[in-house]
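All ligand and atom numbering here is 1-based and tracks the order in the structure.
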Amino acid sequence: MGVNKDLLDRRAAVTPRGVPRVTPATASHARGATLVDLEGNEYIDLAGGIGVMNAGHGQERVVRAISEQAERLVHTCFHVATYEPYVRLCETLADLFPHGERTKVLLVNSGAEAVENAVKIARQATGRSGVICFTGAFHGRTLLGMSLTSKVGYKTGCGPFAPEVYRLPFPNFYGDGDGLTLDGFVDRELNRLRKALVNTVAAEHVAAIIIEPVQGEGGFVVAPPEYLTGLRKICDKHGIVLIFDEVQTGFCRTGKWAAYEHFDVRPDVSTWAKSMGGGLPIAAVIGKAEIMDGARPGTIGGTYGGNPVACAAALATIEVMKDLNLNARATEIGRRCMERFQQIKARCPLVGDVRGLGAMVALEFVHDGDPQRPAPKVVKEILARCIDRGVLALSAGVHGNVIRILSPLVITDEQLERGLDTLEEEILRCTSVPAAASPPKPATAGHRSS
Ligand code: PLP
């Protein structure tokens, strides 16, 4: 019996099926953008542990920071004894992401927890309970996270969900543009929101509006800048806290520290996780001091939040990102992916849209060029074949009909090109576009096709 199969069988026997297994890959060790499985097969990693490994696997400085901090102090609970790495990380994040005149930061363990706390803080700061969120959104798997999350596949049978959650269509111009101009579309969607504050939930009842500036799990849909500007104005007018969920978009993924830096809009509160910790579980809520201090003592925090080892990892990760200028690298990776994806789109009628921001790039597959007719089956097939050839990539989108790139940003040009070559060949093959003559090669030298 193969070692990989043995581990997958043991997994199936002892772990609940509810925990997704989106690829058959196993993992033994990893470096940079290369993942090695238990049988020694190598993968070019275009998934990055779902957007966590922007700074790369096995990043030496991060590993050293983790081990040095672990030698010194692993845990006290920040409520019990104050340690410096927590405070230093908050200072660093407040410098990187100023929210208004004074910024405060709460550290927690996961993206979902950050979202939960952002909403709790907004509710206490405003004395209101309503939260507006969007279709296609993903905000995590806790009860409130799930209530805010859109895709029903993530939440079937888990209700009753948290009350006071109201959902509007995400401004998806490709999917729902209905032949309008971008300006006309943005006007329509902002009017929809204005009306909702009259016919669905009173503005003075709404604590927060939470939105991903670029939807992650929803399929890398970029919100039109004018929509976010309009949203900012509406929130200001009604005293609503604007929360940007930057869990997937943050820390160089889009070519900037924050996706919101691409837009002329600042949130009141924002949520962060994933690549911030270089692989360790740590997340943050960042916000204007006066809003953050709206939370009463004892209502936020937790035993492990801002664990010293995770803080040390995050601080080292941020240093690495600065030193390697990963924002510039993300821009270059995004440019290369976008160029290649546009070429694929020109040849492949099933590719309906190519989009993204920085290195957050995706292709959407639809039938007959119709965004209302998603083509998820072919996406599954393409990704399965890529894995067989040593390229690990993920789908996204409410219908699972989007292929997205979340590679570590330390990926070499050569690895990226090999990964994209494989992806392109499999897209053309699975969608029956005649490809260039040569037979498919494994993308990595050490990969054995299974
Ligand atoms: N928010 C966004 C935008 C995400 O992409 C995710 C995870 O994919 C979450 C929240 C939840 O994060 P976590 O899985 O760390 O709870």
Next item on the list: Not counting sequence neighbours, list each pair that qualifies as a side-chain hydrogen bond (donor to acceptor under 3.5 Å, both in side chains) and has a residue in residues 309-320.
Entry: none
For ligand 1, which of its N or O atoms have a protein N or O partner closer than 3.5 Å, and how long is each gap?
residue: ligand 1; atom: 1 (N); partner: Phe138; partner atom: O; Å: 3.3
residue: ligand 1; atom: 1 (N); partner: Asp245; partner atom: OD1; Å: 3.3
residue: ligand 1; atom: 1 (N); partner: Asp245; partner atom: OD2; Å: 2.6
residue: ligand 1; atom: 5 (O); partner: Gln248; partner atom: NE2; Å: 2.9
residue: ligand 1; atom: 8 (O); partner: Lys274; partner atom: NZ; Å: 3.0
residue: ligand 1; atom: 15 (O); partner: Gly111; partner atom: N; Å: 2.8
residue: ligand 1; atom: 16 (O); partner: Gly111; partner atom: N; Å: 3.4
residue: ligand 1; atom: 16 (O); partner: Ala112; partner atom: N; Å: 2.8

Next item on the list: Return each pair, listed once, that meets side-chain hydrogen bond (donor to acceptor under 3.5 Å, both in side chains) where at least one residue sits in residues 303-312; pairs must be two or more places apart or across chains.
Entry: none
Next item on the list: Using the side-chain hydrogen bond (donor to acceptor under 3.5 Å, both in side chains) rule, collect all pairs that involve residues 12-30, keeping only residues at least two apart or in two chains.
Entry: Asn4-Thr26
Notebook entry, point to check: With a 4.0 Å cut-off, would you call Arg61 and Glu68 a salt bridge?
Noted result: no
Check: Can you tell me if Ser275 uses its side chain to pair, donor with acceptor, with the backbone of Gly51 under 3.5 Å?
Finding: yes
Item checked: Electrostatic pair Arg336:Glu339 at N-O distance under 4.0 angstrom -> no
